[in-house]
Amino acid sequence: MPILHAQPYDITASGFYFESHEEYTDKASKNRNDFGDPVEEYEIQFIDGDDIDCDLAKAWGINQVNIRPYLEACESWDDHDKTVFVIAVGEAGYRFDPESVSPSDFDVDIYHVDNMKDLGQQFVDEGLIGDIPEHLANYIDMDAIARDLEFDYTETEIAGERLIYRAA
């Protein structure tokens, strides 16, 4: 579970760390500034956790209104689901409703390769380019295929892993 910090916009108040929505609401309800007034507004900061949860927080745009569904996603989604979300929302600009979002809402194809040339080779190996006679295989221009793939596919790095994706 990620560790988050609620940093008050009120400079006379102290922030606090939390790991669950219940902990956040409990601490926020008790938090007071130097004058004894309740603190109402916080900036939510990602402090520690898995790299994928950090990237998810950036794409999610965590704030005090949407931290509950973010924390639920951190707990219930697997790394692939989180990667789909980060690509769809953080990279491709999809919009989402934090209360009802599901990674299946997004049409994203992810390839775990380092570059377009590797993706092109994967496509050739899988027969997506068509059947290529063995005696002609050495004559395929993988650089040209890689350049063509750049029109529909994008390279990115998420949680320290290089990926190529296509978002429809």
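Heavy atoms of other residues, nucleotides or ligands lying less than 6.0 angstrom from CD1 of I11 number 12 at most. E40 CD: 12 or fewer foreign heavy atoms inside a 6.0 Å radius. Other residues, nucleotides and ligands contribute more than 12 heavy atoms inside 6.0 Å of the CD atom of E161.
Under the 4.5 Å side-chain criterion, counting only non-hydrogen atoms from C-beta, N31 is not in contact with P38. Two residues are said to be in side-chain contact when any heavy atoms from C-beta on lie closer than 4.5 Å; I47 and L4 fail this criterion. Side-chain atoms of Y42 and Q7, non-hydrogen and from C-beta on, never get closer than 4.5 Å to each other. By the 4.5 Å heavy-atom criterion applied to side chains, E99 and R68 are counted as neighbours. Annotation: side chain of P2 is not in contact with side chain of D48 (no heavy-atom distance under 4.5 Å).
M1 and W60 fall within the same hydrophobic cluster, where Ile, Leu, Val, Met, Phe, Trp and Tyr residues are linked whenever their side-chain heavy atoms come under 4.5 Å apart, directly or through other members. Under a hydrophobic-cluster definition in which Ile, Leu, Val, Met, Phe, Trp and Tyr are linked whenever side-chain heavy atoms come within less than 4.5 Å, directly or via other members, I158 and W77 are assigned to the same cluster. Clustering ILVMFWY residues whenever any of their side-chain heavy atoms sit less than 4.5 angstrom apart, transitively, puts V108 in the very cluster that holds V101. There is a path of hydrophobic side-chain contacts, each under 4.5 Å, that joins L71 to I44. F16 and Y9 sit in two unconnected hydrophobic clusters of ILVMFWY residues. Membership requires side-chain heavy atoms under 4.5 Å apart, directly or through other members.
Judged by distance alone, the side chain of D55 and the main-chain N or O of I52 form no donor-acceptor pair under 3.5 Å. Using a distance-only test at 3.5 Å, with no hydrogens or angles considered, no donor-acceptor pair links the side chain of E91 to the main chain of T154. Of the possible donor and acceptor atoms, none in the side chain of E19 sits under 3.5 Å from a partner among the backbone N and O of I3.
Minimum heavy-atom separation, I67 to Q64: CG1-O, 4.0 Å. Pairing each heavy atom of A167 with each of A92, the nearest pair is CB-CB, 3.9 Å. Closest non-hydrogen pair, L56 versus C74, comes out as CD2-SG, 4.0 Å. Here the closest non-hydrogen pair linking V39 and A13 is CG2-CB, 3.4 Å.
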Item to check | Candidate pair K58 and V86, rule side-chain contact (heavy atoms from CB on, under 4.5 Å), full reasoning | outcome: CA-CA 8 Å; K58 289 177 196 171; V86 170; over 6 Å; no
Next on the checklist: Could you go through I132 and I140, starting from their C-alpha distance and side-chain angles, then the distance that decides it, and tell me whether this counts as side-chain contact (heavy atoms from CB on, under 4.5 Å)?
Outcome noted: CA-CA 9 Å; I132 299 169; I140 296 175; 3.1 Å; yes
Checklist entry - Under the ring pair (Phe, Tyr, Trp, His ring centres under 6.0 Å) criterion, do Y17 and Y24 qualify, and how do the steps go? => result CA-CA 8 Å; Y17 296 94; Y24 166 78; over 10 Å; no
Checklist entry - Between K117 and D143, does a salt bridge (Lys or Arg N to Asp or Glu O under 4.0 Å) hold up when you go through it step by step? => result CA-CA 6 Å; K117 192 171 181 179; D143 291 324; 3.4 Å; yes
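Annotation: the span from N115 atom CG to R162 atom CZ amounts to 7.5 Å, rounded to 0.5 Å. How far CD of E43 is from CD1 of I62: 9.0 Å, rounded to the nearest 0.5 Å. Separating the CG atom in D10 from the CZ atom in F35 is a distance of 8.0 Å, to the nearest 0.5 Å. Put simply, CG on D148 and CE on M116 are 11.0 Å apart, with the number rounded to the nearest 0.5 Å. One finds the CG atom of L136 at 12.0 Å from the CG atom of D131 (value rounded to the nearest 0.5 Å). One finds the OG atom of S20 at 9.5 Å from the CD atom of E75 (value rounded to the nearest 0.5 Å).
Evaluation of the side-chain hydrogen bond (donor to acceptor under 3.5 Å, both in side chains) rule for K27 yields E23 as partners, not counting sequence neighbours.
K82 has a carboxylate O that lies under 4.0 Å from a charged side-chain N of D53, or vice versa, which qualifies the two as a salt bridge. A salt bridge links D109 with R166; the closest basic N to acidic carboxylate O contact falls under 4.0 Å.
The aromatic rings of F85 and F106 stand perpendicular to each other, their planes meeting at an angle above 60°, with 30° marking the opposite boundary. Ring-plane geometry between Y111 and F123 is classed as perpendicular, the angle between the planes exceeding 60 degrees on a 0 to 90 degree scale with a lower cut at 30.
D105 and Y94 share no donor-acceptor pair across their side chains, judged by distance under 3.5 Å alone. Looking at Q122 and D118, their side chains never bring a donor and an acceptor atom within 3.5 Å of each other.
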